[in-house]
Amino acid sequence: MRIIAFGFIATFVSSFGQTFFLGLFSPQFEAATGIGGAGLGMLYGLATLLSGSLLFWLGGALDRVPLRRAILIASGIYLAGSLLAGAVGTQTGLLAAFFLLRLGGQGLMSHLGIVTAARGGGRRKGAMIAWASMGVILGEAVLPAAVLAAVAVVEWRWLWHGVSALLLCAVLPALLLFGRGLPWMVSAGDAGTPQPSIGQRRVLLRQPAFWAGAALLLAPPFMATGFLFEQAAIGRLMHWSPQSIGAAFMVFALSRALGTWGYGRLADRFGALRMARLHLLPMALAFASLAVPLGSASIWVAFAGVGFTNGANSVLGGAVWVDLFGTASIGLVRGVFVACTVLATAVAPAVTALMLSPQIGAGAMGLAFAAYCVLASLLAGPALLRRGAAEPD
């Protein structure tokens, strides 16, 4: 189906603006600009915060333009970022490249793919979002090895020139082709919208249902970012070998794919609001395992549980908002939610590092994260169900 093809392509190419891809070029960016590792992290964090703040506004603004124009805007921003990345020589230029890549790729391309799948999926929106989300999962699985192999034989700037050519010559035409006729500009009275469109962000931010959903849906990216960013420190505390951590990433990817695929179908069958009550529980078990004497098995439990919940979250992060606020508002709502996600993930490494101090440790951190997952499921989950039951079909 064209919706699946469009969403899959959009989320796959969003990989070029994701942390896992940009991090592969850290040594090259440092050498090209003369910046150190700490400075590079600060530039990247600043660019991420700026792009997330802009997406807070831009997600809703794109609802008011045709899909073709939205594709052109996102592609133009993304292409400018890739061209800058291939020519970067100053710290200012690197900051601009990071900003454009994060906004155009991690922000707008993934936004286009998920929102289009949510609006066009109808009663199968969970499955549509799941298939669209598989694009970035494929990117995580294949691109790191491909880039590491390529930089050994090709000058790294040529890889970014290749990304630019791919975006201009293949991705843009494909998105315009598959996006033709897909639902995008949806009116508040369309079928499937459970309530009038929320046209203003301040109205959305006064909705208790939004914060109940955020309490459930922000936890996976926050905790996964902290866990993966501090993987080396956690590994030392848990006595995981570097080789085991490398192998555990395959478990993480497979488990995330399983969570995405499974929850796409479960959300359609039982409802996204009902399934949102349960999806944090595998991650609760994962983090609780850090405090249990499982020996070498703890690494597999931890990576599998965190991966599964984040896969499920990629589906629910679109489907829940449709069930709560309708298709007419999904662009604005998801834009605000993604901005909140960016802020949460920006502070996650610092919070996790603080919790891994000798006074607290990995076990206590794991129990704290697990406790939050359980309490959020018990408290915020029923609030979502009450809101969903109160809305007319």
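The structure presented is a predicted model; accordingly, all values stated were derived computationally and were not measured. Quick note: residue numbers are just sequence positions, from 1.
Side-chain atoms of Tyr263 do not come within 3.5 Å of backbone N or O of Ala272 as any donor-acceptor pair. Panel note: side chain Ser255, backbone Gly307; no donor-acceptor pair is recorded below 3.5 Å. A distance-only check finds a donor-acceptor pair linking the side chain of Ser289 to the backbone of Ala286 [under 3.5 Å]. Counting only distance, with no hydrogens or angles, the side chain of Asn310 and the backbone of Val306 share a donor-acceptor pair below 3.5 Å. A donor-acceptor pair under 3.5 Å links the side-chain atoms of Arg2 to the main chain of Arg180, judged by distance alone.
Ring geometry for Phe222 versus Phe369: interplanar angle over 60°, hence perpendicular rather than tilted (30 to 60°). Between Phe12 and Phe8, the two ring planes are parallel [angle under 30°; tilted spans 30° to 60°]. Under the 30°/60° scheme for interplanar angles, the aromatic rings of Phe25 and Trp160 are found to be tilted. Relative ring orientation between Phe29 and Phe98 is described as perpendicular, the plane-to-plane angle rising above 60° on a 0-90° scale split at 30° and 60°. Between Phe227 and Phe287, the ring planes lie perpendicular to each other; the angle is over 60°, past the 30° to 60° tilted range.
Side-chain contact, Ser110 with Ser14: no donor N or O sits under 3.5 Å from an acceptor N or O. Residues Ser298 and Trp240 bring a donor and an acceptor atom of their side chains to less than 3.5 Å of each other. Side-chain N/O atoms of Arg277 and Ser377 include no donor and acceptor closer than 3.5 Å.
Under the side-chain contact (heavy atoms from CB on, under 4.5 Å) test applied with Leu55, the options Val336, Thr341, Leu108, Val342 reduce to a single match, Leu108.
Under the 4.5 Å side-chain contact rule for hydrophobic residues, Leu285 and Ile299 do not share a cluster.
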